[in-house]
Every structure is written in C-alpha cells, then in structure tokens.
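Here's the structure we're looking at; comments come further down.
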Amino acid sequence: MDNIFKQATVETHNVFKWENLGDIKQGRGELGEEMPVLVYRLMQFTMLDILTKQYGADKANDLFREAGFLAGFEFAKASLNLDADLDSFVAELQAALAAQKIGILRMEAFDAATGNLTLTVSEDLDCSGLPVTNETVCSYDEGFVAGILNAYTQKDYDVREIDCWANGDRTCRFNGVVM
C-alpha cells in the first residue's frame, strides 16, 4: 500500500497543472510573491547544466524549449483572452508579461498572410545582464513564446532567438514561423 501511495504522489506531483502552482499569497505571507531574478536563474542554469551533462547541449535545449512551450501555453490559457483580436491580444500579452516581470514585449513584424512574426523581449528573465558569450541562450523563452502563440492561434510555431543579450545585443529578438 505504501508503494502505491508514493507512486501516485510522484506521478501527480510531476504532471504540470496550473492549479498546482498553489496560492502563493497564502503560502508566502511574510516573503510575498516576488523573488530576485538571481534565484530564477540559479534554478534555471543549474538545471540546464545537469541536463547538458546528462544528455548533451542540443537535447538539454530541446527539453528547455518543451518546458517553455508548456509554460507559455498554460500561461496564455490562464492569463489571456484567447478570443481577442490580434491587437488586443498583443496589448494584453504585453501587459501580462510586464505585470509578472517576465519582460517587455514589442511586436516588430507580423505577416497576416503567413502568421509569421518577429518580436522582442527586453529585460527578460533569462539573459538580460549576462556576460557576452557570443551565443543565444533563451531556449526556454523560444518555447514559452511558441506555447503562447499556439494557445492563441491553434497553430504550431517554430520560434528561434536571433538576437540575445549573451550575443552582445541589448534585447532578445525572436522569429516565429508557422509550421
């Protein structure tokens, strides 16, 4: 009986559901809902390091993209009006990302015929302020943006970062292509 309980607990704990994020206000009455970006990056970069050692850089980045996709998809469903027209949706997304201190979104280009787009996220959680390493590092963000776009359009997007703070740029720029 004890093994059945442990297995069920592990399985339900490991399956992501928005409601499993809990009541942060209630649970963190003294410390509050916010935390330093340093703590977020500590978790993210150590996890990426372990995944890279276990599976290689390409697979680790793919896993981060997948996690980002799930997060973006669920964030959009929980936080945004998915029935809004495009301009209203983008405005609401900009406000939600700023309110959650995820980043400052700007839509640079949108092709209505194809659905392809280019957007920037400044002051993002993943890389703003990192040392220049001449690489793009925001694979989680690629998935996050793709998940949001999928929730809104019901289309699959391949989102790739083309400019990054770690490249020496001062904003992250992403191209999203409908697949």
Side-chain angles (χ1 to χ4, degrees), residues 2 4-52 54 60-84 86-107 119-130 136-154 157 159 161 164-166 170-172 174 176:
D2 192 37
I4 294 171
F5 176 75
K6 285 182 182 175
Q7 184 174 358
T9 302
V10 169
E11 288 175 6
T12 56
H13 174 74
N14 288 341
V15 174
F16 179 80
K17 295 178 188 170
W18 190 262
E19 59 271 13
N20 287 352
L21 295 175
D23 186 338
I24 298 168
K25 284 182 182 180
Q26 178 186 11
R28 291 179 52 98
E30 293 293 320
L31 295 176
E33 295 181 83
E34 296 183 14
M35 66 171 200
V37 173
L38 174 71
V39 176
Y40 168 84
R41 287 185 183 174
L42 179 65
M43 183 191 71
Q44 181 186 33
F45 292 156
T46 56
M47 191 173 304
L48 185 58
D49 182 66
I50 297 300
L51 289 172
T52 298
Q54 291 286 321
N61 285 322
D62 287 345
L63 291 169
F64 260 60
R65 246 179 241 106
E66 286 182 44
F69 180 91
L70 177 59
F73 187 84
E74 295 297 328
F75 175 82
K77 285 188 347 187
S79 306
L80 304 169
N81 177 3
L82 300 178
D83 295 321
L86 181 64
D87 289 339
S88 299
F89 178 77
V90 171
E92 188 176 349
L93 176 58
Q94 287 172 320
L97 294 178
Q100 294 298 321
K101 299 184 181 191
I102 294 171
I104 301 167
L105 174 78
R106 195 183 91 171
M107 181 73 71
L119 55 84
T120 62
V121 180
S122 300
E123 298 186 34
D124 69 287
L125 291 170
D126 291 353
C127 73
S128 294
L130 287 181
T136 57
V137 299
C138 299
S139 55
Y140 183 88
D141 291 348
E142 291 172 338
F144 190 77
V145 171
I148 291 169
L149 294 172
N150 179 269
Y152 179 64
T153 66
Q154 290 87 48
Y157 273 82
V159 176
E161 185 179 31
C164 181
W165 188 287
R170 290 301 175 247
T171 191
C172 295
F174 300 90

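Because only heavy atoms are used, hydrogens play no part in the values below, and waters and symmetry mates are left out as well, while side chains stay in.
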CG (Asp87) and CD (Glu92) are apart, to the nearest 0.5 Å, by 13.0 Å
With heavy-atom distances below 4.5 Å as the criterion, would you say the side chains of Glu161 and Asp141 are in contact? no
Any idea which heavy atoms bring Phe75 and Ala96 closest together, and the distance? CZ-CB, 3.9 Å
If I take atom CD from residue Gln54 and atom CG from residue Leu63, how far apart are they, to the nearest 0.5 angstrom? 11.0 Å
Matching residue for Cys138 among Val159, Val145, Asn61, Asp126 - test: side chain to side chain contact (heavy atoms under 4.5 Å, CB included): Asp126
What distance do Arg106 atom CZ and Thr120 atom OG1 have between them, rounded to the nearest 0.5 Å? 5.0 Å
Looking only at heavy atoms, what is the nearest atom pair of Ser139 and Phe64, with distance? OG-CB, 3.6 Å
Pairs involving residues 32-49, ordered by first then second residue, that meet salt bridge (Lys or Arg N to Asp or Glu O under 4.0 Å) (sequence neighbours left out): Glu34-Lys101, Asp49-Lys53
Listed partners of Phe89 passing side chain to side chain contact (heavy atoms under 4.5 Å, CB included), at least two apart: Leu80, Leu82, Ala84, Leu93, Ile148, Tyr152
Closest approach of Asn150 to Phe73 (non-hydrogen atoms, all atoms of both residues): OD1-CE1, 3.2 Å
Short side-chain to backbone donor-acceptor contact, Trp18 and Glu74, under 3.5 Å: no
Compare every heavy atom of Ser122 with every heavy atom of Thr171, then report the nearest pair and how far apart it is. OG1-OG, 2.7 Å
Going from CZ on Phe174 to CD on Glu142, what distance comes out if it is rounded to the nearest 0.5 angstrom? 6.5 Å
Distance col, row Ile104:CD1 vs Leu97:CG, nearest 0.5 angstrom, shows 10.0 Å
Asp62 side chain near Arg65 side chain, heavy-atom distance below 4.5 Å: yes
Side chains of Phe144 and Asp124, heavy atoms from C-beta outward: is any pair under 4.5 Å? no
Starting at CG of Leu125, measure out to CG of Leu38 and round the result to the nearest 0.5 Å. 12.0 Å
Of all heavy-atom pairs linking Tyr140 and Ala71, the shortest is OH-CB, 3.1 Å
Counting only heavy atoms not in Gln26, do more than 12 fall under 6.0 Å of its CD? no
On a heavy-atom basis, the closest approach of Cys164 and Cys172 is CA-SG, 4.2 Å
Is there a donor-acceptor pair under 3.5 Å between the side chain of Ser79 and the backbone N or O of Ala76? no
